[in-house]
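Here's the structure, in structure tokens; my notes come after.
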Amino acid sequence: MTATRIDAAPREGVAYVFPLPYAPRAVSAVRRRVCAVLATLGVPTDAAENVLVVVSELLTNALVHALPPATLRLTQVLVDGRGAVRVEVTDNGPAKGAPDRPVDPDEHGRGLGIVTTLSARCGVQVYRGGTCRWAEVPAG
């Protein structure tokens, strides 16, 4: 699995796009690729760790709660004049049907709270045929 580097809008610089395989080990595989990209971008270690947590939470939500395929996009941005990494996970919208088993609140349900805590800004865009959850994590 490789990231595709694409040119983005001038305010954003370069974007890296990762297709997410719909498989249990996909999140860890994508995290390794993201780690390499963050090193290439010169993101400091503590900020890179925060980005990796946000990536993990958003990708896991897409795998567990949404319809495939999902895509991760990373972009360097400015937030209030400081460097940040924008993390976007796009999927085909909420999965239909109820969960197969009850959700244990000790193991689930805190992911978006973690994303909010680690991000300068975050949100959700819903559009025809999909959903994009995004977060801008301070990185400079």
Side-chain angles (χ1 to χ4, degrees):
M1 164 190 342
T2 60
T4 303
R5 181 180 167 180
I6 60 174
D7 293 328
R11 79 168 190 89
E12 295 180 340
V14 175
Y16 294 84
V17 179
F18 303 80
L20 180 65
Y22 199 72
R25 294 189 180 159
V27 174
S28 62
V30 171
R31 276 178 54 99
R32 285 190 296 277
R33 300 293 302 151
V34 167
C35 191
V37 167
L38 295 175
T40 299
L41 296 175
V43 175
T45 302
D46 58 337
E49 290 172 6
N50 289 342
V51 172
L52 288 170
V53 170
V54 169
V55 164
S56 294
E57 294 298 337
L58 294 181
L59 289 178
T60 299
N61 281 348
L63 277 174
V64 172
H65 302 291
L67 296 171
T71 302
L72 166 67
R73 179 183 178 109
L74 297 178
T75 313
Q76 285 186 299
V77 296
L78 290 177
V79 175
D80 299 326
R82 302 191 69 174
V85 175
R86 183 176 173 98
V87 177
E88 298 176 20
V89 175
T90 304
D91 57 55
N92 281 334
K96 299 196 180 3
D100 293 344
R101 60 183 190 267
V103 174
D104 181 351
D106 290 335
E107 294 184 24
H108 300 284
R110 295 186 301 264
L112 293 179
I114 292 168
V115 169
T116 300
T117 298
L118 295 176
S119 303
R121 297 188 290 225
C122 60
V124 178
Q125 286 182 289
V126 178
Y127 56 94
R128 183 189 288 219
T131 303
C132 176
R133 285 173 178 70
W134 60 272
E136 294 173 340
V137 183

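Computed over heavy atoms, backbone and side chain alike; hydrogens, waters and symmetry mates excluded. Please read these numbers as outputs of a predicted model, since none were measured by experiment.
A search for side chain to side chain contact (heavy atoms under 4.5 Å, CB included) contacts involving Ala66 returns Asp91, not counting sequence neighbours. Residues meeting the side-chain hydrogen bond (donor to acceptor under 3.5 Å, both in side chains) test with Arg31, sequence neighbours left out: Ser56. For Ala39, the side chain to side chain contact (heavy atoms under 4.5 Å, CB included) test picks out no residue, with sequence neighbours left out. In this view, Thr45 and Glu49 satisfy the side chain to side chain contact (heavy atoms under 4.5 Å, CB included) rule, not counting sequence neighbours. Every residue meeting the side chain to side chain contact (heavy atoms under 4.5 Å, CB included) condition with Thr60, not counting sequence neighbours, appears here in chain and number order: Val27, Val64. Ser119 pairs by the side-chain hydrogen bond (donor to acceptor under 3.5 Å, both in side chains) definition with nothing, not counting sequence neighbours.
Across all non-hydrogen atoms, the minimal contact from Pro21 to Leu63 is O-CD2, 4.0 Å. The two residues Thr75 and Ala15 have their closest heavy-atom pair at OG1-CB, 3.6 Å. Among all heavy-atom pairs drawn from Pro44 and Ala139, the shortest one is CD-O, 3.4 Å. Nearest heavy atoms, Asn92 versus Pro68: ND2-O, 2.8 Å.
Distance check: Thr131 OG1 to Leu67 CG gives 9.0 Å after rounding to the nearest 0.5 Å. Atom CD in Gln76 sits 12.5 Å away from atom CD in Glu136 (nearest 0.5 Å). Put simply, CG on Asn50 and CD1 on Ile114 are 11.0 Å apart, with the number rounded to the nearest 0.5 Å. Within the model, atoms CZ of Arg133 and CG of Asn61 stand 6.5 Å from one another, a figure rounded to the nearest 0.5 Å. Here the CG atom belonging to Leu41 is positioned 5.0 Å from the OH atom belonging to Tyr16, to the nearest 0.5 angstrom. Taken to the nearest 0.5 Å, the CG atom of Leu59 stands 5.0 Å off from the CG atom of Leu72.
Between Trp134 and Arg121 the shortest side-chain heavy-atom distance falls below 4.5 Å. In this structure, Leu52 and Val34 have side chains that are in contact, with non-hydrogen atoms separated by less than 4.5 Å.
Judged by distance alone, with hydrogens and angles left aside, the side-chain atoms of Tyr22 form no donor-acceptor pair with the main-chain N or O of Pro69 at under 3.5 Å.
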Verdict with supporting geometry, Val87 and Leu74, side chain to side chain contact (heavy atoms under 4.5 Å, CB included): CA-CA 5 Å; Val87 177; Leu74 297 178; 3.7 Å; yes
